[in-house]
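The structure appears right after this line, and notes come after that.
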Amino acid sequence: MSTALSARNVSVSFDGLKALSNVVLDIVPERVTGLIGPNGAGKTTLVNVLTGFQAPDQGEVLLDGENIGGRTTFGIRRLGVARTFQSGRLFSELPVIDNLEVTGIGLGLTRRDAAAKAEAMLDWIGIAPLADRVAGGLPYTDERRVAIGRALMMEPRYLLLDEPAAGMSAEEADDLIRLIRRIVTEMKCGVLLIEHNIGLVLNICNHIHVLDSGEIIEEGPPQQIKTSEKVRHAYMGTQAEAGGPVL
Ligand SMILES: Nc1ncnc2c1ncn2[C@@H]1O[C@H](COP(=O)(O)OP(=O)(O)OP(=O)(O)O)[C@@H](O)[C@H]1O
Ligand SMILES: [Mg+2]
């Protein structure tokens, strides 16, 4: 039995548009797997499939060898697969600490245990001073760190991060890299990192997949992705033209 969260030949269509075609990808414990590709490539759709938010038209999602198709998002979260969203999605009226506590209670902790765990998690991430701030009033980058803290409640085995560095300064992105490294080494988590900041992806990922129009067009270690003609081609006319990340 393989220890991984895996997409096996996953396909998804929306009204005839192929968002994913036969995608194969493994997220492995203690490794950072990168997922890059132009806007609309299908990256978020793949995270939605892996976490039960979107049923695939074809293919399977395997968690440590077991098919988890048909389970609820909540059921998959309880099995140790957590995610963040591209758009934050915190409980905006609640204080930061409650955002984590509520998740702990949802995952089966008593109120007291959830409160203790939430406090320890904020401390571990280094954002304890934010505990009593209302989540909706946080700057974007703090909101992202809280979202990661919430996803890490109950120490998931797999963590899927959908563009966690979007809008961050270089310094904030460096902090995020350090945090992701600790999530991998200290929590032994398998991380999937979706990111448009190619420098960050090449820096931290052990293995990178490149999606373009729903298909994996390349995969391999950072060095291979960096020098891939196919990848360069996929990015031409999108990020490259817009002055964004160029490989
Ligand atoms: N619920 C939906 N209904 C219809 N079309 C959708 C839906 N979700 C995604 N799509 C379409 O599927 C394609 C893939 O979208 P997706 O959000 O997965 O891309 P992405 O790679 O995450 O893009 P981005 O980098 O902009 O976040 C796009 O063409 C998008 O418009
Ligand atoms: Mg997306």
Side-chain angles (χ1 to χ4, degrees), residues 5-27 32-61 69-70 72-73 76 81-90 140-141 143-145 147-148 150-151 158-168 173 176 180 191-205 207-220 225 228 230-247:
L5 176 63
S6 309
R8 284 282 162 272
N9 303 104
V10 164
S11 297
V12 173
S13 292
F14 296 113
D15 302 325
L17 171 103
K18 271 252 172 195
L20 295 175
S21 301
N22 265 316
V23 169
V24 175
L25 176 144
D26 289 329
I27 306 167
V32 185
T33 302
L35 181 60
I36 63 172
N39 292 116
K43 305 180 296 295
T44 298
T45 303
L46 183 58
V47 168
N48 288 341
V49 169
L50 288 166
T51 51
F53 285 81
Q54 170 72 50
D57 298 330
Q58 282 169 26
E60 292 177 341
V61 176
T72 62
T73 55
I76 292 174
V81 178
R83 69 174 294 182
T84 61
F85 292 88
Q86 216 165 332
S87 56
R89 287 214 207 173
L90 297 177
Y140 193 57
T141 56
E143 190 190 40
R144 273 164 196 270
R145 292 194 293 169
I148 292 174
R150 194 173 63 172
Y158 301 97
L159 175 65
L160 285 55
L161 299 171
D162 198 350
E163 300 197 30
M168 286 191 176
L176 179 71
I180 294 173
V191 172
L192 180 75
L193 177 64
I194 294 180
E195 197 40 71
H196 281 297
N197 180 337
I198 303 293
L200 190 151
V201 171
L202 293 173
N203 180 333
I204 196 175
C205 292
H207 195 89
I208 300 168
H209 290 70
V210 185
L211 258 184
D212 186 26
S213 303
E215 291 183 31
I216 301 280
I217 56 160
E218 189 79 276
E219 68 167 291
I225 300 302
S228 163
K230 271 194 227 163
V231 177
R232 190 180 295 274
H233 188 74
Y235 272 85
M236 278 178 3
T238 55
Q239 278 86 354
E241 246 173 32
V246 181
L247 290 161

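One-based numbering, in listed order, for ligands and for the atoms of each. For the numbers below, each heavy atom of this structure counts, side chains included, while hydrogens, waters and symmetry mates do not.
- Scanning all protein heavy atoms for the shortest distance to atom 25 (O) of ligand 1 gives Lys43 NZ, 2.7 Å.
- Of the inter-residue distances, the one linking Ile36 atom CD1 with Leu200 atom CG reads 11.5 Å to the nearest 0.5 angstrom.
- Of all protein heavy atoms, the one lying nearest to atom 27 (O) of ligand 1 is Gln86 NE2, 2.7 Å.
- Among the backbone and side-chain atoms of Thr44, an N, O or S atom lies under 2.8 Å from the Mg ion (ligand 2).
- Considering Ile180, Leu160, Leu35, Ile208 in turn, Ile180 is the only one that fulfils the side-chain contact (heavy atoms from CB on, under 4.5 Å) rule with Leu193.
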Report task. Could you give me the CA-CA distance, side-chain angles and deciding distance for Asp162 and Arg144, then say whether salt bridge (Lys or Arg N to Asp or Glu O under 4.0 Å) is met? Result -> CA-CA 10 Å; Asp162 198 350; Arg144 273 164 196 270; over 6 Å; no

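- For the Mg ion (ligand 2), the set of nearby N, O or S atoms under 2.8 Å includes one belonging to Gln86.
- From the protein, the heavy atom lying nearest to atom 15 (O) of ligand 1 is Thr45 OG1, 3.8 Å.
- Atom 31 (O) of ligand 1 lies below 4.0 Å from none of the non-hydrogen atoms of the protein.
- A distance of 7.5 Å separates CZ of Arg150 from CZ of Phe85, quoted to the nearest 0.5 Å.
- Summarising the geometry, atom CG belonging to Leu20 is positioned 11.5 Å from atom CD belonging to Gln58; distances are rounded to the nearest 0.5 Å.
- In this structure, atom 29 (O) of ligand 1 lies nearest to the protein heavy atom Leu17 CD2, 3.5 Å.
- At the shortest separation from atom 17 (O) of ligand 1 among protein heavy atoms lies Thr44 CB, 3.8 Å.
- For the side-chain contact (heavy atoms from CB on, under 4.5 Å) with Arg83, the lone residue among Thr51, Leu161, Leu192, Ile76 that qualifies is Thr51.
- For atom 6 (C) of ligand 1, the nearest non-hydrogen atom of the protein is Phe14 CD1, 3.3 Å.
- Closest to atom 26 (O) of ligand 1 among all protein heavy atoms lies Asn39 ND2, 3.0 Å.
- At the top of the distance list for atom 14 (C) of ligand 1, counting protein heavy atoms only, stands Gly40 O, 3.4 Å.
- Here CD of Glu218 is found 12.5 Å from CG of Leu211. Values are rounded to the nearest 0.5 Å.
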